[in-house]
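Before any comments, here is the structure.
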Amino acid sequence: MTQLQPHIRLSREMTHARYALLPGDPKRVEHVAQFLENVEDFGSNREYRALRGWFRGVEVLVMSTGMGGPSTAIAVEELRQIGVTNLIRIGSCGAMQNHIRLGDLVIATAAVRDDGTSNMYIDKGYPACADIGLVHHLAQQARRLGYASHCGYVRSHDSFYTEREDEINQFWSGKGILAADMETAPLMVVGALRGLRIASVLNVVVEHSGNLEEGINNYQQQEQSCLQGESREILLALEALYLDSQEQ
Ligand SMILES: O=P(O)(O)O[C@H]1O[C@H](CO)[C@@H](O)[C@H]1O
Ligand SMILES: O=c1cc[nH]c(=O)[nH]1
């Protein structure tokens with residue numbers, strides 16, 4: 001058990017964290033560091049950039065997953081090997097409903113499994129669902145902090161640029177799906193199969209096509225909203241995991 005995991009290059013000796021925050025983008029890891037104390041940088045290997053720190057006395061591991069299901073599933077498997085049991089994705093997403101604005105947060109209760117990775121693990125009848133306790137803490141803290149947030153279903157996909165994107169997005173938007181990303185479903189499926197607690201909170205960085213008129217005229221304002229959303233999702237995830245840790 002002393003060995004470094006092959007891809008994430010972390011071991012049980014390096015951290016005793018039970019909670020991990022998982023952005024897709026390695027750059028977001030440094031943003032999280034600003035909210036933590038006594039940060040120790042673990043460097044990076046491939047897409048996996050990691051550090052750990054403390055939030056009100058709770059040890060938190062922060063590690064990027066890279067984009068998409070394959071690298072996310074590898075991250076989940078190897079984090080489990082080093083003793084992490086609660087994983088909260090802090091991602092970005094595209095909104096799929098007109099009332100959801102840039103910088104709003106989407107708390108995923110479940111995800112449509114339009115990714116390849118979760119389907120390599122188990123057939124589509126197996127649900128991609130979040131841990132209800134973590135979702136409860138996230139929703140409660142979002143309300144307390146006064147953050148614009150939406151709880152519900154998201155869709156995880158593997159493609160951006162096929163000829164069918166508009167048609168697919170229109171279909172799922174019509175079914176009430178709140179937002180799209182690439183990691184939530186594989187994270188939920190692999191995590192649940194391995195007995196881990198999973199949640200996903202997503203910052204809206206692209207509005208749904210019907211509702212772009214204001215933002216499009218003011219790019220700087222858009223950037224500001226997205227950055228604020230990112231800070232909010234980080235703080236929200238930390239507040240939620242802190243509350244959760246007090247109950248364990
Ligand atoms: O910003 P992250 O967390 O990477 O999330 C989203 O951004 C990437 C696509 O631009 C995908 O990984 C998608 O899920
Ligand atoms: O539209 C978007 C934006 C971010 N991530 C996605 O998967 N889709």
Side-chain angles (χ1 to χ4, degrees), residues 20-33 44 46-50 61-76 79 87-98 100-108 110-118 128 130 138 150 152-162 164-173 177-191 198-212 215-216 219 222-223 225-237:
L21 293 190
L22 306 177
D25 187 348
K27 282 207 295 283
R28 206 169 301 137
V29 171
E30 276 146 46
H31 194 176
V32 183
S44 64
R46 295 176 179 263
E47 54 269 78
Y48 305 115
R49 165 101 176 79
L61 179 66
V62 188
M63 191 185 84
S64 54
T65 60
M67 281 193 282
S71 61
T72 300
I74 289 168
V76 174
L79 286 171
L87 295 84
I88 305 180
R89 168 163 157 75
I90 44 167
S92 70
C93 68
M96 294 182 70
Q97 301 296 328
N98 286 342
I100 300 179
R101 315 310 303 255
L102 284 182
D104 284 7
L105 302 184
V106 174
I107 298 165
V112 175
R113 291 177 52 191
D114 268 354
D115 67 299
T117 303
S118 71
L138 286 165
H150 313 267
Y153 299 168
V154 303
R155 169 181 178 256
S156 297
H157 60 93
D158 275 353
S159 66
F160 263 90
Y161 300 122
T162 69
R164 293 183 55 233
E165 297 303 314
D166 286 350
E167 180 197 330
I168 294 169
N169 284 329
Q170 212 179 338
F171 174 81
W172 286 112
S173 172
I177 298 300
L178 299 180
D181 83 338
M182 299 178 71
E183 294 81 18
T184 295
L187 179 65
M188 287 176 172
V189 168
V190 179
I198 304 291
S200 176
V201 49
L202 305 172
N203 170 32
V204 175
V205 296
V206 182
E207 284 188 344
H208 192 233
S209 46
N211 202 18
L212 273 173
I216 237 130
Y219 184 71
Q222 283 190 44
E223 290 242 301
S225 303
C226 294
L227 201 57
Q228 175 178 272
E230 187 169 298
S231 296
R232 286 181 167 191
E233 73 174 342
I234 293 167
L235 190 59
L236 176 60

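Counting convention: from 1, in listed order, for ligands and their atoms alike.
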>> Which residue and atom name correspond to the protein heavy atom nearest atom 7 (O) of ligand 1, and how close is it?
In response: Ser92 OG, 3.3 Å

> What protein heavy atom sits nearest atom 5 (O) of ligand 1, and how far away is it?
Replying inline: Arg89 NH2, 2.9 Å

>> Considering non-hydrogen atoms of the protein only, which is the closest contact for atom 4 (O) of ligand 1, and what is the distance?
In response: Gly24 CA, 3.3 Å

> Stepwise, does the side-chain hydrogen bond (donor to acceptor under 3.5 Å, both in side chains) test hold for Thr162 with Glu165?
Replying inline: CA-CA 6 Å; Thr162 69; Glu165 297 303 314; 2.6 Å; yes

> What atoms in ligand 1 come closer than 4.0 Å to a heavy atom of Gly91?
Replying inline: 3 (O)

>> Which residues pass the side chain to side chain contact (heavy atoms under 4.5 Å, CB included) test with Asp25, not counting sequence neighbours?
In response: Lys27, Arg28

>> Which option wins on minimum heavy-atom distance to atom 13 (C) of ligand 1: Arg28, Glu183, Glu230, Met67?
In response: Glu183

>> Just to verify, what does Met182 make a side chain to side chain contact (heavy atoms under 4.5 Å, CB included) with, not counting sequence neighbours?
In response: His157, Phe160

>> The criterion is ring pair (Phe, Tyr, Trp, His ring centres under 6.0 Å); which residues satisfy it with Tyr161, sequence neighbours excluded?
In response: none

>> Which of the numbered atoms in ligand 1 are under 4.0 angstrom from any heavy atom belonging to Asp181?
In response: 14 (O)

>> I need the atoms of ligand 1 closer than 4.0 Å to a non-hydrogen atom of Phe160, numbered in the order shown.
In response: 9 (C), 10 (O)

> Just wondering, do Val201 and Ile88 contact through their side chains at under 4.5 Å, heavy atoms?
Replying inline: yes

>> I want to know if ligand 1 touches Ile90 in the polar sense, i.e. an N/O pair below 3.5 angstrom.
In response: no

>> For Arg89, is there an ion pair with Asp181 - N to carboxylate O distance below 4.0 angstrom?
In response: yes

>> Distance alone, cut at 3.5 Å: any donor-acceptor contact between the side chains of Arg49 and Ser64?
In response: no

Short N or O separations between ligand 2 and the protein, below 3.5 Å:
residue  : atom  : partner : partner atom : Å
ligand 2 : 7 (O) : His157  : NE2          : 2.8
ligand 2 : 7 (O) : Ala180  : O            : 3.4

